[in-house]
Protein chains: 2
Amino acid sequence: MDVTESTVSPSSDCRRVSQVLSRIGDKWSVLVIMLLHRGPHRFSALKRSIGGISQRMLTLTLRNLERDGLVSRTVTPSIPPRVDYELTEMGRSLAEPVKALGAWAFQHLDAIGAAQTRYDGQADP
Amino acid sequence: MDVTESTVSPSSDCRRVSQVLSRIGDKWSVLVIMLLHRGPHRFSALKRSIGGISQRMLTLTLRNLERDGLVSRTVTPSIPPRVDYELTEMGRSLAEPVKALGAWAFQHLDAIGAAQTRYDGQADP
DNA sequence: CCGTATCCGGTGCGATACTG
DNA sequence: CAGTATCGCACCGGATACGG
């Protein structure tokens with residue numbers, strides 16, 4: 001199905017799309033996805049790689065991603081226990097557009113910064 | 001510069017990228033961008049097209065996008081006043097990766113929905 | 001090691017009312 | 001028409017402590 005044209009989404013779909021996008025919009029999901037895109041990671045490896053995330057938010061983020069079918073969670077019941085997270089096929093396919101967006105953001109970092117300073121400069125002082 | 005590989009972003013850039021992505025993550029920005037991608041719109045036209053947005057959030061969203069240099073705001077001082085919003089060049093370039101993401105979301109709506117039901121089904125009841 | 005439970009401050013966002 | 005101002009709540013997310 002071609003989404004780029006002809007499909008004027010009915011409002012219900014529109015809201016559902018927004019919900020999906022809000023997932024990638026929350027604070028940590030994108031970081032987690034990008035890390036997992038390099039391969040499977042353990043919980044603590046993710047926690048270490050992402051500086052400044054609380055374990056609460058990491059578990060919540062991973063739960064949501066798992067619920068959406070984007071990451072898989074495999075428990076190895078040893079002592080101490082070991083849990084590995086990995087992108088599913090769908091998760092890997094999501095990584096592509098996300099990477100494109102990340103690349104765009106990176107390329108326009110300074111342009112955006114300049115625009116902000118310009119905007120703030122003519123109002124604040 | 002090639003972002004897709006070899007560039008292990010230093011943490012400062014990483015946070016700035018996250019900030020940019022948080023813009024597209026907030027509730028209305030993407031909708032506004034997609035609407036403006038079809039051409040310039042007046043304030044009230046945007047408000048009408050997006051069902052359920054308060055005028056407060058519309059102004060805030062537009063202000064932020066303007067501050068980032070993504071949309072331009074042109075005032076026609078008539079009575080009643082008229083304000084048109086339009087994507088800048090940078091805004092149009094952002095629309096492309098955003099459309100890709102939107103297309104992905106649309107394509108995977110049912111897969112995600114199914115995954116969620118499956119996940120909820122084996123835990124809740 | 002991997003989580004869950006609880007508390008609590010910051011803020012995103014809607015509702016409403018008022019200006020130019 | 002296109003905003004700004006104010007209030008109020010819900011909820012996100014950090015800190016901390018505890019359990020398997």
Side-chain angles (χ1 to χ4, degrees), chain A residues 11 14-15 18-33 35-36 40-68 71-86 119-120 122-124, chain B residues 14-15 18-32 35-36 40-68 71-86 119-120 122-124:
Chain A
S11 48
C14 207
R15 254 171 283 134
S18 285
Q19 289 202 354
V20 175
L21 295 189
S22 77
R23 227 356 114 262
I24 75 103
D26 57 41
K27 205 175 179 184
W28 303 108
S29 298
V30 170
L31 271 313
V32 170
I33 289 175
L35 277 174
L36 289 182
H41 282 69
R42 301 186 51 168
F43 184 89
S44 38
L46 286 172
K47 181 147 174 36
R48 243 175 300 110
S49 296
I50 310 177
I53 190 175
S54 59
Q55 81 240 32
R56 181 180 177 273
M57 285 320 293
L58 182 54
T59 19
L60 253 81
T61 304
L62 288 167
R63 283 298 174 283
N64 284 328
L65 293 174
E66 189 195 357
R67 191 177 107 100
D68 290 349
V71 314
S72 66
R73 176 174 182 268
T74 55
V75 184
T76 312
S78 54
I79 299 182
R82 171 198 179 102
V83 183
D84 286 82
Y85 293 92
E86 186 176 7
Y119 185 94
D120 296 345
Q122 68 193 34
D124 274 350
Chain B
C14 207
R15 254 169 284 133
S18 285
Q19 289 203 353
V20 175
L21 294 190
S22 77
R23 234 341 127 273
I24 73 103
D26 56 42
K27 204 175 180 184
W28 304 108
S29 298
V30 169
L31 271 313
V32 170
L35 277 174
L36 289 182
H41 282 68
R42 302 185 52 166
F43 184 88
S44 38
L46 286 172
K47 181 147 173 36
R48 240 176 303 110
S49 296
I50 310 176
I53 191 175
S54 59
Q55 79 243 29
R56 182 181 178 272
M57 285 319 294
L58 182 53
T59 16
L60 254 84
T61 303
L62 288 167
R63 282 298 173 284
N64 285 328
L65 292 174
E66 188 194 358
R67 191 177 108 99
D68 290 349
V71 314
S72 66
R73 177 174 180 269
T74 55
V75 184
T76 312
S78 53
I79 298 181
R82 172 198 178 102
V83 182
D84 286 82
Y85 293 92
E86 186 176 7
Y119 185 94
D120 295 345
Q122 68 193 36
D124 272 350

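The chains referred to below are lettered A, B, ... by the order of the sequence lines, with proteins before strands, and numbering in each begins at 1.
Scanning residues 54-62 of chain B for heavy-atom distances under 4.0 Å to DNA chain C yields B:S54, B:Q55, B:R56, B:M57.
Paired with A:L46 under the rule side chain to side chain contact (heavy atoms under 4.5 Å, CB included), one option of A:T61, A:L35, A:I53 passes, and it is A:L35.
In this structure, B:D26 CG and A:S22 OG are separated by 11.0 Å, a value rounded to the nearest 0.5 Å.
No side-chain heavy atom of A:R73 sits less than 4.5 Å from a side-chain heavy atom of A:E86. Contact annotation: the side chain of B:R23 approaches that of B:D68 to within less than 4.5 Å [non-hydrogen atoms, C-beta and beyond]. Proximity of A:L31 to B:S18: side-chain heavy atoms (C-beta onward) are separated by under 4.5 Å at one or more points.
Put simply, the side chain of A:S78 gets close to the backbone of A:P80: a donor and an acceptor are under 3.5 Å apart. Between the B:S29 side chain and the B:I24 main chain, no donor and acceptor come within less than 3.5 Å of each other.
Of all the heavy atoms in B:Y85 and B:L36, the pair that sits closest is O-CD2, 3.5 Å. Pairing each heavy atom of B:L62 with each of B:V71, the nearest pair is O-CG2, 4.0 Å. The heavy-atom pair separating B:F43 from B:Q55 by the smallest distance is CZ-O, 4.0 Å.
Once you apply a 4.0 Å limit to the heavy atoms of chain B, the touched nucleotides of DNA chain C run 5' to 3' over C:dC13 to C:dG20. Once you apply a 4.0 Å limit to the heavy atoms of chain B, the touched nucleotides of DNA chain D run 5' to 3' over D:dC1 to D:dT6.
The residue B:K27 sits close only to the backbone: its heavy atoms come under 4.0 Å of sugar-phosphate atoms, none of a base.
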